[in-house]
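For reference, the structure discussed in these notes is given below.
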Amino acid sequence: MKKAFLTGITGQDGSYLTEFLLAKGYEVHGLIRRASTFNTDRIDHLYRDFHDPNARLFLHYGDLNVSGQLMDLLASIRPDEIYHLGAQSHVRVSFDMPEYTADVTGLGTLRMIEAIRKTGISTRFYQASSSEMFGAAPPPQNEKTVFQPRSPYAAAKVFSYHIVQNYRDAYGLYLTNGILFNHESPRRGETFVTRKITRAAAQIKLGLKETLYLGNLDAKRDWGFAGDFVEAMWLMLQQDRPDDFVIATGETHSVREFTQKVFSKLDLDYEKHVKVDPRYFRPTEVDVLLGDASKAKNILGWEPKVSFDQLIDMMIDSDLEIARKEKTLTDAGFSGVGGERLAQ
Ligand code: NAP
Ligand code: F7E
């Protein structure tokens, strides 16, 4: 049985990848942070009590800020494949917490690959690189496009990308960069724009909320489905040699277009409900992302399966279900729908 170790297992991608690897027969180990509230919602449906002899999913406490423990975990688990997905992944938040972001999202990668080097284990490593690294570079972007990062998050990911390439060349380690464009799902964090929109539109539809505040409606993104993208991560680590691959849909849409589509699918007029709040603007923005994934198509045989419209439908259905439950609770006087906490 192959063993995989995932950082970021409690995140959007971690949950889809865990599902995918368990279905392929892997034993899966995941790094989780200790929190005062449960942070395993996205993987709870996959978890079996570890006393169960058939359990194949195991969680370990740790943090990307602490290198010694990462080393101990790799030395004891000795995974065949490592998927390094853990990061402070919110671009807007990276402007509020630049040092922390550089530490977790940048140095965290160095700590992981140093742990591989120092323990001497034989493993394959996937680095969650990002289309944000392209930043101001004109579209379409592919593996040859020169990075022009526009945020502390993007700068930290550029560091990770280069240190992965350096350790590959310097020490002959199997380390691969997947440069993934935005990918979304019903499990997307609620402060990323797509989920923020589908979540609020569903609440507005059920009368739980009146207004959605957004930032820059003109930014354009190449949005795919997270479930499709995690398959590409796995395919990358099945290649004989490590390499770097762009994963994208090859379509771009503006935030305005996404918003308009979601609201109109719910028979709502977005102009009546959406207000622009400059608090959500970023000090520097990435205007247009549009990926060219032809290398992945040719070498990995990977192509996206879920279309833009199907993705939106999937997210709306799931958020309507959540909003219905919220409405039942609200009508019964148990809870209300909270307001905005921070500008994200
Ligand atoms: P996500 O939902 O924000 O998940 C991030 C994960 O990292 C969570 O499990 C989080 O744990 C964990 N984490 C954060 N800080 C940590 C720390 N100090 N120590 C250990 N774990 C820590 O992100 P995602 O959307 O799944 O993305 C996965 C990876 O791909 C990230 O590296 C992201 O930057 C990158 N990426 C994402 C996209 C995209 O569109 N989704 C595109 C390109 C690249 P908690 O649950 O405890 O917070
Ligand atoms: O923003 C604009 C915002 O936060 C998309 C991460 O997974 O993908 C993600 O980063 C666009 C930006 O994602 C709001 O200004 C408008 O132009 O959903 P987002 P992101 O910044 O593209 C990349 C590939 C990653 O690697 C990251 O980890 O939408 N926008 N109004 C807004 N964005 C947010 N969050 N909130 C707004 O109210």
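Heavy atoms only: backbone and side chains are in, while hydrogens, waters and symmetry mates are out. Atoms within a ligand are numbered from 1 in the order they appear, just like the ligands themselves.
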Under a plain distance cut-off of 3.5 Å, with no hydrogens placed, do His60 and Gln69 share a side-chain donor-acceptor pair?
no

Looking at Ser131, which atoms of ligand 2 are within less than 4.0 Å of one of its heavy atoms?
24 (C)

Ligand 2 atoms nearer than 4.0 angstrom to some heavy atom of His90 are 35 (N)

Non-neighbouring partners of Ser129 that pass side-chain hydrogen bond (donor to acceptor under 3.5 Å, both in side chains), sequence neighbours left out:
Asn177

What protein heavy atom sits nearest atom 27 (C) of ligand 2, and how far away is it?
Ser89 O, 3.3 Å

Specify the protein heavy atom at minimum distance from atom 35 (N) of ligand 2: its residue, its atom name, and the distance to 0.1 Å.
Thr191 O, 2.9 Å

Against heavy atoms of Tyr280, which atoms of ligand 2 measure under 4.0 Å?
38 (O)

The residue among Phe50, Phe58, Phe5 that forms ring pair (Phe, Tyr, Trp, His ring centres under 6.0 Å) with His29 is Phe58

What protein heavy atom lies closest to atom 36 (N) of ligand 2? Include the residue and the distance to one decimal.
Gln344 O, 3.1 Å

Could you give me the CA-CA distance, side-chain angles and deciding distance for Glu27 and Lys2, then say whether side chain to side chain contact (heavy atoms under 4.5 Å, CB included) is met?
CA-CA 6 Å; Glu27 178 176 303; Lys2 270 196 180 177; over 6 Å; no

Structural part of Val91 in contact with ligand 2, heavy atom criterion under 4.0 angstrom:
side chain

Residues which pass salt bridge (Lys or Arg N to Asp or Glu O under 4.0 Å) with Arg42, listed by chain and number, not counting sequence neighbours
none

Write none if no such pair exists; otherwise list each N/O atom of ligand 1 with its protein N/O partner under 3.5 Å and the distance.
unit_1	atom_1	unit_2	atom_2	d
ligand 1	2 (O)	Gln12	N	3.1
ligand 1	3 (O)	Ser89	OG	2.6
ligand 1	7 (O)	Ala87	N	3.2
ligand 1	9 (O)	Gly8	O	3.4
ligand 1	9 (O)	Thr10	N	3.4
ligand 1	9 (O)	Thr10	OG1	2.7
ligand 1	9 (O)	Gly11	N	3.0
ligand 1	11 (O)	Thr10	OG1	3.3
ligand 1	15 (N)	Arg33	NH1	3.4
ligand 1	18 (N)	Asp63	OD1	2.9
ligand 1	19 (N)	Asp63	OD1	3.4
ligand 1	19 (N)	Leu64	N	3.0
ligand 1	25 (O)	Arg188	NH1	3.4
ligand 1	26 (O)	Gln12	N	3.2
ligand 1	26 (O)	Asp13	N	2.8
ligand 1	32 (O)	Leu85	O	2.8
ligand 1	32 (O)	Lys157	NZ	2.8
ligand 1	34 (O)	Tyr153	OH	2.6
ligand 1	34 (O)	Lys157	NZ	3.2
ligand 1	40 (O)	His183	N	2.9
ligand 1	40 (O)	Arg188	NH2	3.2
ligand 1	41 (N)	His183	NE2	3.4
ligand 1	41 (N)	Arg188	NH1	3.1
ligand 1	46 (O)	Thr10	OG1	2.6
ligand 1	47 (O)	Arg33	NE	3.1
ligand 1	47 (O)	Asn39	ND2	3.2
ligand 1	48 (O)	Arg33	NH2	2.7

Could you tell me whether a side-chain N or O of Asn182 sits under 3.5 Å from a main-chain N or O of Asp222, the two making a donor and an acceptor?
no

re atom 12 (C) of ligand 2, the protein heavy-atom contact at minimum distance is Arg221 NH2, 3.4 Å

Are Asp309 and Lys261 close enough for a salt bridge, meaning some N to O gap below 4.0 Å?
yes

Taking Glu231 for the side chain and Gly227 for the main chain, is one N or O donor matched with an acceptor at less than 3.5 Å?
no

Can you list the atoms of ligand 2 that are under 4.0 Å from a heavy atom of Tyr153?
25 (C), 26 (O), 27 (C), 28 (O)

Ignoring hydrogens and angles, state whether a donor on the side chain of Gln88 or Ser94 is under 3.5 Å from an acceptor on the partner side chain.
no

Is a side-chain donor-acceptor pair under 3.5 Å present for Gln165 with Gln127?
no

When you measure from atom 9 (C) of ligand 2 to each heavy atom in Asn182, Leu217, Asp218, Leu180, which option holds the nearest one?
Asn182

Thr194 side chain vs Glu184 backbone, donor-acceptor pair below 3.5 Å:
no

What residue and heavy atom of the protein are closest to atom 7 (O) of ligand 2, and at what distance?
Arg188 NH2, 2.9 Å

Donor-acceptor check, side chain of Trp223 to backbone of Phe258, threshold 3.5 angstrom: yes or no?
no

So the atoms of ligand 2 within less than 4.0 Å of a heavy atom of Glu285 turn out to be 3 (C), 12 (C), 15 (O), 17 (O)

Taking Tyr126's backbone N and O only, do any of them form a donor-acceptor pair with Thr176's side chain (distance below 3.5 Å, no angle check)?
no

What atoms in ligand 2 come closer than 4.0 Å to a heavy atom of Lys196?
36 (N), 37 (C), 38 (O)

Subset of ligand 2 atoms that lie under 4.0 Å from at least one heavy atom of Ala219
17 (O)

With sequence neighbours excluded, what pairs up with Tyr153 under the ring-ring contact (aromatic ring centres under 6.0 Å, His included) test?
none

Quick one: nearest non-hydrogen protein atom to atom 21 (O) of ligand 2, plus distance?
Arg282 NH1, 2.5 Å

Show which atoms of ligand 2 fall inside a sub-4.0 Å distance from at least one heavy-atom site of Val255.
2 (C), 29 (O)

Quick test: of every protein heavy atom, which one is nearest to atom 16 (C) of ligand 2, and how far off is it to 0.1 Å?
Asn216 O, 3.3 Å

Is the backbone N or O of Leu208 less than 3.5 Å from a side-chain atom of Glu326, with the two atoms forming a donor-acceptor pair by type?
no

Would you mind finding which of Ala154, Ser130, Gly215, Ala200 brings a heavy atom closest to atom 31 (N) of ligand 2?
Gly215

Taking distance alone, with N or O pairs closer than 3.5 Å, would you say Val193 contacts ligand 2?
yes

